[in-house]
Every structure is written in structure tokens, then in C-alpha cells.
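Keep in mind that this is a model prediction, so the values were computed, not measured. Just the heavy atoms: all of them, side chains too, but no hydrogens, waters or symmetry mates, feed the values below.
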Amino acid sequence: MTVLDTPAWRPRTDAAPLLPDPEPYRLLGTPAAADLDPALLGRLYGQLVRGRRYNAQATALTKQGRLAVYPSSTGQEACEIAAALALRPRDWLFPSYRDTLAVVARGVDPVEALTLLRGDWHTGYDPREHRIAPLSTPLATQLPHAVGLAHAARLSGDPVAALAMVGDGGTSEGDFHEALNFAAVWQAPVVFLVQNNGFAISVPLAKQTAAPTLAHKAVGYGMPGRLVDGNDVAAVHQVLGEAVERAREGGGPTLVEAVTYRIDAHTNADDATRYREESEVAAWRAHDPVELLERELTARGLLDDAARQRALDEAEAMAADLRERMHEDPKLDPAELFEHVYAEPTPQLREQAAQLRAELEAERQS
């Protein structure tokens with residue numbers, strides 16, 4: 001027997017079952033859509049309409065100076081809503097900075113979900129209460145955190161799965177590689193959802209990777225890759241639901257690539273007209289996630305004008321409440337700058353806190 005015949009070098013996994021389908025998986029507009037649960041479709045529709053209005057209202061708040069920045073997910077609402085609804089209450093969600101809709105759809109107060117983007121606190125909600133990690137501004141750093149939590153849950157016998165969301169730009173970060181590698185080696189109960197919206201700010205996907213699809217990257221780590229139409233909310237929900245249950249039952253991680261599009265600019269500070277044509281945006285508007293589901297529901301007699309108007313009215317009521325509360329000036333205590341930095345404040349922090357208190361007192365007395 002030669003050295004090369006020893007088992008250590010051999011691949012541990014047959015690659016064929018891990019490969020994604022050649023085309024994104026779809027349900028809406030296909031014969032398989034007839035088997036979809038009407039109640040689930042109705043719930044997905046209500047959340048999509050609400051999410052679309054939330055994006056519009058949050059974008060308006062940035063123009064009014066009430067938000068420092070807002071990364072809109074208009075056009076990507078199907079990924080956001082499906083991710084939130086695919087999880088059980090005890091599961092964990094690890095969002096990126098663009099995933100505000102998923103956070104709100106999972107039950108966080110719409111104002112609290114915007115606290116980070118307002119510049120008040122790093123997060124406005126209790127991660128443990130909602131089982132949602134803070135919105136992650138650094139690219140892909142939430143992915144290893146999701147793997148660590150999922151691995152710990154598995155070791156302790158807790159039937160919890162984690163779903164980590166990231167954009168196509170995040171797949172170019174080292175944290176992406178490290179998270180997928182650890183997840184596969186440990187068989188951690190975690191699902192990675194890559195929202196491929198075409199651009200990492202202004203950089204198109206073709207300038208980031210030469211892989212056939214981002215879903216193909218899964219094979220190199222020894223996990224299944226799934227490719228899904230990211231604007232088909234029913235398909236995304238089904239694929240994520242299956243991946244989450246597979247992870248929970250001990251089947252290990254899955255990488256899901258949802259092919260979608262960022263209709264709005266990267267943030268309110270970006271000028272998208274400098275790197276893409278309006279004709280491209282218009283083509284994707286014709287594949288709008290809200291309209292795709294509306295057509296399906298209407299064709300099946302599950303949505304009429306009255307039901308559509310109710311959804312719009314509920315979304316408008318949410319937007320009005322968000323607008324009213326966001327126009328209230330927050331009451332901030334500068335001393336809170338020193339909270340939650342270390343478990344025990346360092347001498348430098350205590351010195352800085354004392355200096356701030358002295359300056360504030362002097363200002364009050366002046």
C-alpha cells in the first residue's frame with residue numbers, strides 16, 4: 001500500500017448530491033403551486049406588503065434626518081420574510097445590516113429594529129428575548145457567531161437551528177469561509193442564506209467570483225448547495241424550511257443562494273446610476289416578489305380587491321405609527337457610552353466617564 005492509498009487523503013463526501021440544480025428553484029406560477037397552503041400564502045403576502053411599505057417609510061426617514069442610514073431591501077422582501085417565517089420560536093436568526101425586515105417579521109418592534117441605523121445604540125432589542133443577534137454592519141462577521149451558537153446547542157442537546165443571512169458581497173470575506181468550514185466539520189445545525197442581489201455596493205458578482213453560482217461554493221466545504229429564485233417567496237420559504245429542519249434533525253448545514261435584486265441603491269448615500277443601467281432595474285421590477293405572489297393568489301381565488309386593500313391599510317397603519325414614533329426625539333444619556341463595553345470597567349474608562357460627568361456638570365452650571 002502506498003501513502004496515497006491511505007484513507008486520510010480521500011474526500012469524505014460524494015460531491016454529486018451536494019451540487020445545486022442548474023436553474024433557481026421556483027414554485028409560484030408552476031403546477032406545484034397548487035399544493036401550497038393558502039393560509040401560509042396569505043401570511044406571506046401580508047408580510048410582503050408590510051415589508052414593502054416599511055422600506056419606503058424607512059427610506060423617507062433618512063431623507064428627513066431621522067435615520068443616519070438605511071440599506072433598503074426593496075425587491076428582496078421575499079428573502080427577508082421567508083427567512084423569518086421559516087424558523088421556530090426557539091431558533092436563532094443572525095441578520096446582516098440589510099435584514100431589518102426579517103427582524104421585524106420575527107416580532108421585533110419596528111422602531112427598535114431601526115435603533116442601530118438611528119445611531120442611538122448598537123441594537124435596540126434584546127437578542128435573547130427575540131433570539132435574533134444584533135444587525136451586523138461588518139460583512140459576514142455574524143456567520144461564525146451563528147455557527148458557534150448552533151454548535152453549542154447541538155453539544156448541549158438543545159434542538160435549536162440557526163439561520164445566518166449574508167449578501168453576495170459577504171461571500172468574499174474570510175469570515176464566510178471560516179464559518180462554512182467549521183459548520184461542515186462540526187455538522188452544526190445552521191443554514192446560510194446568501195441573498196445574491198447582484199452587487200456588493202457597486203461591484204457586480206462577476207468581479208467577485210468565477211464560481212458557476214454561489215451555491216456551488218457549498219460543495220467545497222462538504223455541505224449541500226441550493227439555488228432558489230429569491231423573488232419567489234413560497235420557494236424561498238420551502239427551501240429554507242427544509243434546510244432548517246434538516247439541520248435540526250442532525251443533517252448538518254446547508255448553503256442556500258437566493259437570486260434576487262437590489263432595486264434601490266445600496267444605501268441613501270449611494271448613487272446606483274453610476275454603475276448600472278435603468279433598463280436592468282426595470283427588468284427586475286417585472287419580476288417583483290409582491291406582484292408574483294399577488295398573481296398566484298388572484299389566479300387561485302385567494303385574493304380579491306378587498307383583501308388586497310386590507311393588506312395595504314394594515315401596512316399603512318404600521319408606517320404611520322413608525323413615522324410618528326420616529327419623529328419623537330430620543331432621550332439619550334451620554335453616560336451610557338460607557339455601559340456594556342467591558343464586564344468590569346477599565347481604569348481608562350472610569351477616568352473618561354468621570355471627565356464626561358465633570359464636563360456635563362460644568363455645562364449645566366454655566
Side-chain angles (χ1 to χ4, degrees), residues 20-56 72-87 99 101-102 104-106 163 165 191 193-198 213 215 226-245 254 256-264 280-319:
D21 293 333
E23 294 295 329
Y25 178 67
R26 295 182 176 89
L27 278 174
L28 298 179
T30 74
D35 298 326
L36 295 172
D37 178 14
L40 173 63
L41 293 179
R43 187 181 177 200
L44 290 169
Y45 177 71
Q47 289 285 358
L48 282 180
V49 173
R50 188 170 184 254
R52 177 63 55 85
R53 186 65 186 90
Y54 187 91
N55 271 322
S72 173
S73 57
T74 296
Q76 301 177 221
E77 293 96 343
C79 300
E80 303 281 313
I81 302 308
L85 271 58
L87 297 174
D99 300 323
L101 293 192
V104 173
R106 190 149 163 79
L163 194 157
M165 304 175 72
V191 176
L193 171 60
V194 178
Q195 296 177 81
N196 177 5
N197 65 17
T213 69
R226 297 293 307 275
L227 186 63
V228 62
D229 182 344
N231 287 20
D232 183 334
V233 67
V236 180
H237 183 270
Q238 184 182 101
V239 169
L240 289 179
E242 291 171 354
V244 167
E245 289 309 308
T254 302
V256 177
E257 177 189 356
V259 182
T260 183
Y261 196 78
R262 193 190 74 214
I263 294 296
D264 289 343
E280 179 180 303
V281 180
W284 276 94
R285 288 187 189 278
H287 193 59
D288 180 270
V290 180
E291 294 180 6
L292 284 176
L293 185 53
E294 276 190 353
R295 286 199 293 268
E296 184 69 39
L297 291 171
T298 303
R300 292 178 57 180
L302 301 173
L303 182 70
D304 56 18
D305 291 342
R308 184 181 292 105
Q309 190 59 50
R310 280 196 301 272
L312 291 171
D313 291 344
E314 290 172 5
E316 191 56 44
M318 176 276 302

Practice task
Measure the CD-CG distance between Q76 and D264 for me, rounded to the nearest 0.5 Å.
Solution key: 9.5 Å
Completion exercise
Between G230 and A78 the two heavy atoms that sit nearest each other are O-CB, 3.2 Å
Completion exercise
Per side chain to side chain contact (heavy atoms under 4.5 Å, CB included), V191 is matched among L87, V244, V239 by V244
Exercise for the section: Tell me yes or no: between the side chains of S73 and N55, is some donor less than 3.5 Å from an acceptor? Expected result: yes
Handout entry: Heavy atoms of other groups near R43 CZ, more than 12 under 6.0 Å
Key = no
Handout entry: Spacing of I263 atom CD1 and E280 atom CD [to the nearest 0.5 Å]
Key = 9.5 Å
Completion exercise
In terms of heavy-atom contacts, A102 and E80 come closest through N-OE1, 3.2 Å
Practice task
Output yes when a side-chain donor or acceptor of D232 lies under 3.5 Å from a complementary backbone atom of L27, and no otherwise.
Solution key: yes
Handout entry: Salt-bridge contact E314-R50 (side-chain N to carboxylate O under 4.0 Å)
Key = no
Practice task
Identify the two heavy atoms, one from L292 and one from R295, that lie closest to each other, and give their separation to 0.1 Å.
Solution key: CD2-NH2, 3.1 Å
Completion exercise
So CG of L41 and CG of L28: to nearest 0.5 Å the spacing works out to 7.0 Å
Exercise for the section: Indicate yes or no: at least one non-hydrogen side-chain atom of Q47 is less than 4.5 angstrom from one of V233. Expected result: no
Practice task
For A105 and A84, work out which heavy atoms get closest and say how close.
Solution key: CB-CB, 3.7 Å
Problem - Y45 vs R308 side-chain heavy atoms within contact, under 4.5 Å - result: yes
Exercise for the section: Tell me yes or no: between the side chains of T260 and N197, is some donor less than 3.5 Å from an acceptor? Expected result: no
Practice task
Look up atom OG1 in T74 and atom CZ in R262, then write down how far apart they are to the nearest 0.5 Å.
Solution key: 11.5 Å
Completion exercise
When rounded to the nearest 0.5 Å, the distance separating OG1 of T254 from CZ of R226 is 8.5 Å
Practice task
Decide yes or no for H287 and D229: does some side-chain heavy atom of the first lie under 4.5 Å from some side-chain heavy atom of the second?
Solution key: yes
Completion exercise
What one should report as the nearest heavy-atom pair of E296 and A33 is OE2-CB, 3.4 Å
Practice task
With the side chain counted from C-beta on, respond yes when L227 and D21 share a heavy-atom pair under 4.5 Å apart, and no when they do not.
Solution key: no
Problem - D305 and Q309: side chain donor to acceptor below 3.5 Å - result: no
Completion exercise
dist L297:CG -> D304:CG (nearest 0.5 Å) comes out at 10.5 Å
Exercise for the section: State, yes or no, whether a side-chain contact exists between N231 and D288 at a heavy-atom distance under 4.5 Å. Expected result: no
Problem - Student check: side-chain heavy atoms of R300 and P38 closer than 4.5 Å - result: yes
Practice task
Decide yes or no for Q195 and D99: does some side-chain heavy atom of the first lie under 4.5 Å from some side-chain heavy atom of the second?
Solution key: yes
Problem - For E291 against R285, the heavy-atom pair lying closest together - result: OE1-O, 4.3 Å
Problem - Side-chain H-bond candidate by donor/acceptor type, E77 with Y54, under 3.5 Å - result: no
